[in-house]
Amino acid sequence: SLVICNDIFAYIWGKLFGRTPLIALSPKKTVEGFVGALFSTVIFGWGWATLFMRYNFMICPAVDLGVNAWSNIQCDPNPAFIWRTFITPEPIQALISPLFRIPPINWAPFQIHTLVMAVFASLVAPFGGFFASGFKRAFNLKDFGDSIPGHGGLTDRMDCQFLMGMFAYVYYSSNVRVHRATVGSVMQTIVSSLTVDEQLRVFSDLKYYLEGLGQI
């Protein structure tokens with residue numbers, strides 16, 4: 001949605017205020033549209049994230065295919081969705097107190113993650129489109145296909161999404177994802193990855209550990 005938002009606002013700002021060409025590969029792209037889309041996408045991302053993270057349906061993993069927006073879903077949310085309160089440090093507050101006082105600010109890490117994604121979608125992802133434009137020009141093509149009337153093919157619509165998708169996966173895996181072990185996942189790993197002798201060793205070590213705790 002961030003890439004789509006960026007495309008829409010780049011078009012709007014470019015039409016309204018576009019004067020300076022951005023890159024020769026895409027003559028219709030303008031600096032004004034590029035910069036305007038950046039700020040618009042950041043604002044959109046912040047608002048969209050703040051709205052969606054208030055609903056469990058949007059932040060809890062689906063447990064079955066019957067889950068919908070009206071289901072009573074409960075879960076332990078990812079720490080990225082937990083609200084925090086920022087209080088201005090006393091030295092800074094004392095420095096600016098003659099002018100005004102900064103109230104406590106409620107925020108969530110997910111909002112910061114969304115800002116990072118929005119900036120990437122605005123500054124880096126469009127270059128996937130620029131590359132695709134250069135590629136088509138090199139082969140004297142207008143579009144990669146014609147499956148979508150007036151818009152070319154699927155590749156023409158997804159050129160920026162390839163970069164964005166790769167970045168989103170890497171960023172999520174590195175900074176947002178929480179690895180939680182479950183009984184099912186542990187058993188699956190033991191059964192599918194260990195030999196019988198290794199499984200017996202795991203059983204023996206676990207039995208020894210639980211006996212030490214006085215549980216068995």
Side-chain angles (χ1 to χ4, degrees), residues 1-13 33-93 96 100-131 154 157-186 188-189:
S1 62
L2 292 174
V3 171
I4 296 172
C5 171
N6 185 259
D7 281 344
I8 293 173
F9 279 105
Y11 176 81
I12 293 174
W13 289 111
F34 188 78
V35 175
L38 166 63
F39 288 103
S40 300
T41 304
V42 167
I43 295 172
F44 168 82
W46 180 275
W48 204 241
T50 304
L51 174 65
F52 271 17
M53 67 180 292
R54 297 177 183 273
Y55 301 98
N56 285 346
F57 174 71
M58 303 303 302
I59 66 176
C60 290
V63 294
D64 58 65
L65 296 178
V67 173
N68 57 59
W70 292 272
S71 301
N72 184 22
I73 305 174
Q74 299 295 329
C75 67
D76 293 326
N78 186 297
F81 299 113
I82 298 177
W83 288 93
R84 294 161 169 77
T85 301
F86 173 78
I87 300 177
T88 307
E90 285 299 328
I92 298 178
Q93 190 64 66
I96 64 175
F100 60 93
R101 183 169 185 82
I102 301 177
I105 300 172
N106 294 322
W107 68 284
F110 183 63
Q111 294 173 314
I112 308 301
H113 296 318
T114 303
L115 291 183
V116 174
M117 303 287 283
V119 170
F120 185 91
S122 302
L123 297 182
V124 181
F127 284 90
F130 300 153
F131 173 78
L154 184 62
R157 295 296 88 203
M158 300 294 291
D159 46 13
C160 299
Q161 299 282 8
F162 292 129
L163 277 178
M164 190 69 203
M166 181 177 64
F167 175 77
Y169 174 77
V170 173
Y171 186 87
Y172 169 77
S173 300
S174 303
N175 301 290
V176 181
R177 183 180 181 184
V178 175
H179 298 275
R180 290 193 177 100
T182 64
V183 175
S185 63
V186 172
Q188 183 178 7
T189 301

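For reference, positions follow the sequence shown, starting with 1.
When every heavy atom of S122 is checked against every heavy atom of A37, the shortest pair comes out as OG-O, 4.0 Å. Closest approach of A108 to A80, counting heavy atoms only: CB-O, 3.9 Å. Smallest separation of non-hydrogen atoms from N72 and Q74: OD1-NE2, 3.1 Å. Summarising the geometry of R84 relative to P79, their closest heavy-atom pair is NH1-O, 3.2 Å, with the distance given to 0.1 Å.
To the nearest 0.5 Å, atoms CD1 (I4) and OG1 (T41) are separated by 11.5 Å. Taken from CG in L38 to CD1 in I43, the straight-line distance is 9.5 Å, to the nearest 0.5 Å. Rounded to the nearest 0.5 angstrom, I112 CD1 and N175 CG are separated by 12.5 Å. If you take OG1 on T114 and CZ on F110, they are separated by 4.0 Å, rounding to the nearest 0.5 Å. Put simply, NE2 on H113 and CG on N78 are 7.5 Å apart, with the number rounded to the nearest 0.5 Å. The distance from the CD atom of Q111 to the CG atom of N106 is 9.5 Å, given to the nearest 0.5 Å.
Put simply, the side chain of V116 reaches to within 4.5 Å of the side chain of Y171, judged on heavy atoms. F120 places none of its side-chain heavy atoms less than 4.5 Å from the side chain of L2.
Contacts of W48 classified as ring pair (Phe, Tyr, Trp, His ring centres under 6.0 Å), with partners at least two apart in sequence or in another chain: F44, F52. For the ring pair (Phe, Tyr, Trp, His ring centres under 6.0 Å) test, no residue two or more places apart in sequence or in another chain qualifies with F39.
With F81 as the fixed residue, the side chain to side chain contact (heavy atoms under 4.5 Å, CB included) test singles out one of N56, I59, V176: I59.
Around the CD atom of Q93, the shell of radius 6.0 Å holds more than 12 heavy atoms that belong to other residues, nucleotides or ligands.
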